[in-house]
Amino acid sequence: MTRILATFVSGLLFGVGLAVSGLINPAKVQSFLDIAGAWDPSLAITMAVAVLTTWAGYRVVFARGAPLLDKTFHVPPTGRVDRRLVAGALIFGLGWGLVGFCPGPLVAALPVGATPTFVFALAMLAGMAAARSFVAFQPAPVMKPKPR
C-alpha cells in the first residue's frame, strides 16, 4: 500500500509540475521548439530547473545504496547508445515537435478532456503497440561486457 501511495503522490506531483510549467499546452511546447519562428524561451527555465533537480535528486538517491520502497534500483544495465535508441529518440522528438505532446504531459492533460488529446492518446497507444510488435520480431541485442 505504501508503494501505491508513493507512486500516486509522485505521479500527481509530476502532473501538477507539468501543468504549472505549461508543458500540457501543445502550443506552448511547439512555440518553444520553433527556434526559427516565434520562439518562446520560457520552457528553457523549466528544463534548467528539471535538470538541476534531477541531478541533485539522483546524487541523493543513489548515495543511499537502495531505494526506500524496493530492494534494488531498476536502471538500464548499460549506457550504450545504439541504433534502436537513436531511432526511438528521433521518432519521439519528431512526434513531440509535430504535435506538442509527449507521454507525460499527455497523461497530465487527459483530465482537461480536449478531444485532440484523446485522439493523440489513441494514436500514441497504437504506435506503442506497433513498435512493440516490431521489436518482438527483431533479434535480441547482444550485450558485450565492458572492458575493465
Side-chain angles (χ1 to χ4, degrees), residues 1-26 28-30 32-33 35 40-114 116-148:
M1 186 62 182
T2 304
R3 289 178 72 170
I4 293 171
L5 183 62
T7 301
F8 175 75
V9 170
S10 298
L12 185 64
L13 183 62
F14 182 63
V16 168
L18 292 172
V20 168
S21 67
L23 280 167
I24 66 168
N25 180 356
K28 186 162 185 70
V29 172
Q30 288 173 322
F32 173 73
L33 297 173
I35 57 174
D40 175 8
S42 62
L43 287 181
I45 295 168
T46 302
M47 286 184 175
V49 171
V51 167
L52 287 173
T53 304
T54 301
W55 176 80
Y58 269 63
R59 294 183 71 82
V60 169
V61 168
F62 284 126
R64 293 184 41 85
L68 286 175
L69 303 176
D70 204 342
K71 294 177 183 168
T72 61
F73 292 108
H74 300 277
V75 295
T78 66
R80 190 171 48 110
V81 177
D82 59 11
R83 285 189 295 179
R84 286 178 55 183
L85 177 64
V86 172
L90 287 173
I91 292 169
F92 178 90
L94 183 64
W96 192 34
L98 288 174
V99 182
F101 268 136
C102 65
L106 172 70
V107 172
L110 284 174
V112 174
T117 305
F118 288 108
V119 170
F120 181 76
L122 291 174
M124 184 182 75
L125 291 173
M128 291 169 70
R132 190 171 294 247
S133 297
F134 176 76
V135 169
F137 290 107
Q138 300 298 308
V142 176
M143 303 295 281
K144 295 179 182 174
K146 289 183 177 180
R148 293 181 183 215

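Along the sequence shown, residues carry numbers from 1.
- Rounded to the nearest 0.5 Å, atoms CD1 (I91) and CG (L94) are 8.5 Å apart.
- Under a cut-off of 6.0 angstrom, the local environment of CG in L5 is crowded, with over 12 non-hydrogen atoms contributed by other residues, nucleotides or ligands.
- Applying the salt bridge (charged side-chain N to carboxylate O under 4.0 Å, His left out) test to residues at least two apart or on different chains, none of the pairs has a partner in residues 93-111.
- In this structure, L69 and T2 approach most closely via the heavy-atom pair CD2-CG2, 3.8 Å.
- Remark: D40 pairs with K28, S42 by the side chain to side chain donor-acceptor pair (under 3.5 Å) rule, at least two apart or across chains.
- The side-chain contact (heavy atoms from CB on, under 4.5 Å) check on V75 picks up F62, F73, with sequence neighbours excluded.
- Residues M124 and L106 approach most closely at CE-CD2, 3.5 Å, considering heavy atoms.
- Here A114 pairs with P116, T117 under the side-chain contact (heavy atoms from CB on, under 4.5 Å) rule; sequence neighbours left out.
- A pairwise comparison of heavy atoms in T46 and L23 identifies CG2-CD1, 4.3 Å as the closest pair.
- Listed by chain and residue number, F101, F120 satisfy the side-chain contact (heavy atoms from CB on, under 4.5 Å) test with V99 (two or more places apart in sequence, or in another chain).
- Residue pairs that meet the side-chain hydrogen bond (donor to acceptor under 3.5 Å, both in side chains) test with at least one member in residues 47-73, sequence neighbours left out, are D70-H74.
- Under the rule for a ring pair (Phe, Tyr, Trp, His ring centres under 6.0 Å), F118 has no partner lying at least two apart in sequence or in another chain.
- The salt bridge (charged side-chain N to carboxylate O under 4.0 Å, His left out) pairs that include a residue from residues 12-26 number zero, where partners must be two or more places apart or lie in different chains.
- For V86, the side-chain contact (heavy atoms from CB on, under 4.5 Å) partners two or more places apart in sequence, or in a different chain, are V81, L90.
- The number of heavy-atom neighbours closer than 6.0 Å to CG of L125, taken from other residues, nucleotides and ligands shown, is above 12.
- The minimum heavy-atom distance linking A109 with I24 is given by the pair CB-CB, 3.9 Å.
- Residue pairs meeting the ring-ring contact (aromatic ring centres under 6.0 Å, His included) criterion with at least one partner in residues 75-100, sequence neighbours excluded, do not occur; the list is empty.
- Between D82 and R80 there is a salt bridge, since a side-chain N of the basic residue sits under 4.0 Å from a carboxylate O of the acidic one.
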Using distance only, find each side-chain donor-acceptor pair of residues 9-22 under 3.5 Å and give its atom names and separation, not counting sequence neighbours.
unit_1: S10; atom_1: OG; unit_2: A6; atom_2: O; d: 2.8
unit_1: S21; atom_1: OG; unit_2: G17; atom_2: O; d: 3.0
unit_1: S21; atom_1: OG; unit_2: L18; atom_2: O; d: 3.0

